[in-house]
Undergrad: 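The structure follows.
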Protein chains: 2
Amino acid sequence: MTIQKKTYHHGDLISSLIKAASDILQEEGVEGLSMRKLADKVGVSRTAPYHHFKDKNELLCAIAEAGFKAQEARLQSLLSSHEASEKRFHRYVYQYIEFADTQREVYDLMYGRLIWKTGTPTSSLKDASKQTFKRWLDWVEQLQEDRVLPSNNSALRVGQASWASLHGLSRLLIDGIYLDRNDIQAMTEQMIQTLTQPASS
Amino acid sequence: MTIQKKTYHHGDLISSLIKAASDILQEEGVEGLSMRKLADKVGVSRTAPYHHFKDKNELLCAIAEAGFKAQEARLQSLLSSHEASEKRFHRYVYQYIEFADTQREVYDLMYGRLIWKTGTPTSSLKDASKQTFKRWLDWVEQLQEDRVLPSNNSALRVGQASWASLHGLSRLLIDGIYLDRNDIQAMTEQMIQTLTQPASS
DNA sequence: GTCTAATCTTGACAGTGTCAAAATAAAATT
DNA sequence: AATTTTATTTTGACACTGTCAAGATTAGAC
């Protein structure tokens, strides 16, 4: 237990902030996450966080970055399993959707407008995101060789397109449009069939 | 020219508001659209808009609704063309992406979190969105008959999945992730190939 | 021409992100 | 051990946001 309290110096503000922010995020969404409320929750004054994160934007980037790391770790662990390539891909799709569904707020941060358009992604976040995408592309290449994904185009294009599809499904789920919770499984299954090469009967 | 000024009663506030709001939206994004700024632009006091729209949310819903109407009109006009079914579908995909790309802020409103998750979609907006989707499903059914889209599943599932894919691509474009402007055409092409049934050689 | 309903304004409140300057404590240096 | 430097944290302030309540102004109905 590394808990020390009531001292003027908090001792571990940076990680406390990220942790508390992640909690608020999951419970109340980004809208409920304000710098002031966050500071209050950690037990520190309004502007204290600003000495560790230049911006609210930087805080959010840090959380998103952790999300990418987590997502990549999951992919990595899946890839280390001994399993048929196709089966593995199927599992990945389910895993991806599940990640987006259970960590919706983090997912939204990772790929959402708030950081990438409205805000300014940290270079460190950009790196993490690029790396995650690169890992995906490498795997796509292999999936093409294994005839799981189509080879009608470069790994980049196939990777972009298929990932865009997964992303689209995730978004609809998260935002709750045209699609409710009960449809998840059927949709995921259908998505897999669309993405994968039709079996040569 | 229906311009009348300096009268206490504006005369045509409702539509003026929507119009001005749409302008701000396109130029500065949702972040730049505040009720106060909007009122100012129209030349009216801060709270005047609140007598025509209960909420900022309601204003946004109105804009989004107009977007759905526009989108549906475009689909309708495309459907009335005499053209091979497949070709028509291809054109639709291009058209869809182009809509999302040029009207990004409206598109974001139509399908984004701000209204559907954070806010509360107007029942009138819900209707418009549902109808747009239903029109799409009807067409999907026909596309299946024409062997343009796969028939491995119900029109609902195929429609949801393929639309999710289009949506995902649009989002990546809008938010600018993993994908830049130069990739649009190639990606759209690849998306079409993924979605459509492979030709039985 | 008076009354009523529609429309618009002023004032106010609580909340937001964030900057500048001052306060405090810990670490480094003498 | 005393002093200086650096790392932290706080208080005060500003401009901005959405929106409510109460009052002012005007248009249309009778």
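By convention in this document, chain letters (A, B, ...) are assigned in the order of the sequence lines, proteins followed by strands, and residues within each chain are numbered from 1.
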Undergrad: Using atom CZ of B:F53 as one end and atom C1' of C:dA6 as the other, report the distance to the nearest whole Å.
TA: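 Distance check: B:F53 CZ to C:dA6 C1' gives 16 Å.
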
Undergrad: Could you list by number each residue of residues 18-29 of chain B showing a heavy-atom separation from DNA chain D of less than 4.0 Å, or answer none if no residue does?
TA: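 Residues of residues 18-29 of chain B under 4.0 Å from DNA chain D: none.
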
Undergrad: Sequence neighbours excluded, which residues qualify as ring-ring contact (aromatic ring centres under 6.0 Å, His included) partners of B:Y178?
TA: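 If we apply the ring-ring contact (aromatic ring centres under 6.0 Å, His included) test to B:Y178, skipping adjacent residues, the hits are A:F133, A:W163.
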
Undergrad: In this structure, how many angstroms lie between the P atom of D:dT17 and the CG atom of B:L59, rounded?
TA: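 Whole-Å distance recorded here is 15 Å.
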
Undergrad: Pairs in or reaching into residues 150-160 of chain B: which pass salt bridge (charged side-chain N to carboxylate O under 4.0 Å, His left out), with residues at least two apart or in two chains?
TA: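 Passing the test, one end in residues 150-160 of chain B: A:D183-B:R157.
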
Undergrad: Can you check nucleotides 19-22 of chain D for protein contacts, nitrogen or oxygen pairs under 3.5 Å, and list what you find?
TA:
unit_1	atom_1	unit_2	atom_2	d
D:dT19	OP1	B:D55	OD1	3.0
D:dT19	OP2	B:Y50	OH	3.0
D:dT19	OP2	B:K56	N	3.0
D:dT19	O4	B:R36	NH1	3.1

Undergrad: Expected output is a numbered-order residue list: members of residues 107-121 of chain B with a heavy atom under 4.0 Å from any atom of DNA chain D. What is it?
TA: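 Nucleic-acid contacts, sorted: none.
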
Undergrad: Filter on salt bridge (charged side-chain N to carboxylate O under 4.0 Å, His left out), then keep only pairs touching residues 131-143 of chain A, sequence neighbours left out; what's left?
TA: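 Checked against salt bridge (charged side-chain N to carboxylate O under 4.0 Å, His left out) - neighbours excluded - the pairs reaching residues 131-143 of chain A are A:E72-A:R135, A:K134-A:D138.
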
Undergrad: Any side-chain hydrogen bond (donor to acceptor under 3.5 Å, both in side chains) involving residues 42-64 of chain A? Give me the pairs, sequence neighbours left out, ordered by first then second residue.
TA: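 Every pair satisfying side-chain hydrogen bond (donor to acceptor under 3.5 Å, both in side chains) with a residue in residues 42-64 of chain A: there are none.
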
Undergrad: For A:A66, enumerate each residue passing the side-chain contact (heavy atoms from CB on, under 4.5 Å) test, keeping only those at least two apart in sequence or located in another chain.
TA: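 None.
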
Undergrad: Please determine, by modelled atom types, if B:E31 and A:T118 share a side-chain donor-acceptor pair under 3.5 angstrom.
TA: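 Per modelled atom types, B:E31 and A:T118 side chains form a pair under 3.5 Å.
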
Undergrad: Report the residues that fulfil side-chain contact (heavy atoms from CB on, under 4.5 Å) with B:R91, sequence neighbours left out, ordered by chain and then residue number.
TA: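 Testing B:R91 for side-chain contact (heavy atoms from CB on, under 4.5 Å), a comparison that skips the adjacent residues, returns B:L78, B:S81, B:E83.
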
Undergrad: In chain order, what residues pass the side-chain contact (heavy atoms from CB on, under 4.5 Å) check against B:A164, with sequence neighbours excluded?
TA: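 For B:A164, the residues satisfying side-chain contact (heavy atoms from CB on, under 4.5 Å) (neighbours in sequence not counted) are A:L169, A:L172, A:M191.
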
Undergrad: So, using ring-ring contact (aromatic ring centres under 6.0 Å, His included) as the criterion, who are the partners of B:Y107 when residues are at least two apart?
TA: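 ring-ring contact (aromatic ring centres under 6.0 Å, His included) list for B:Y107, sorted by chain: B:Y96, B:Y111, B:H167.
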
Undergrad: Go through the structure and list residues passing side-chain contact (heavy atoms from CB on, under 4.5 Å) with A:K37, not counting sequence neighbours.
TA: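 By the side-chain contact (heavy atoms from CB on, under 4.5 Å) rule, A:K37 matches A:E28, A:S34.
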
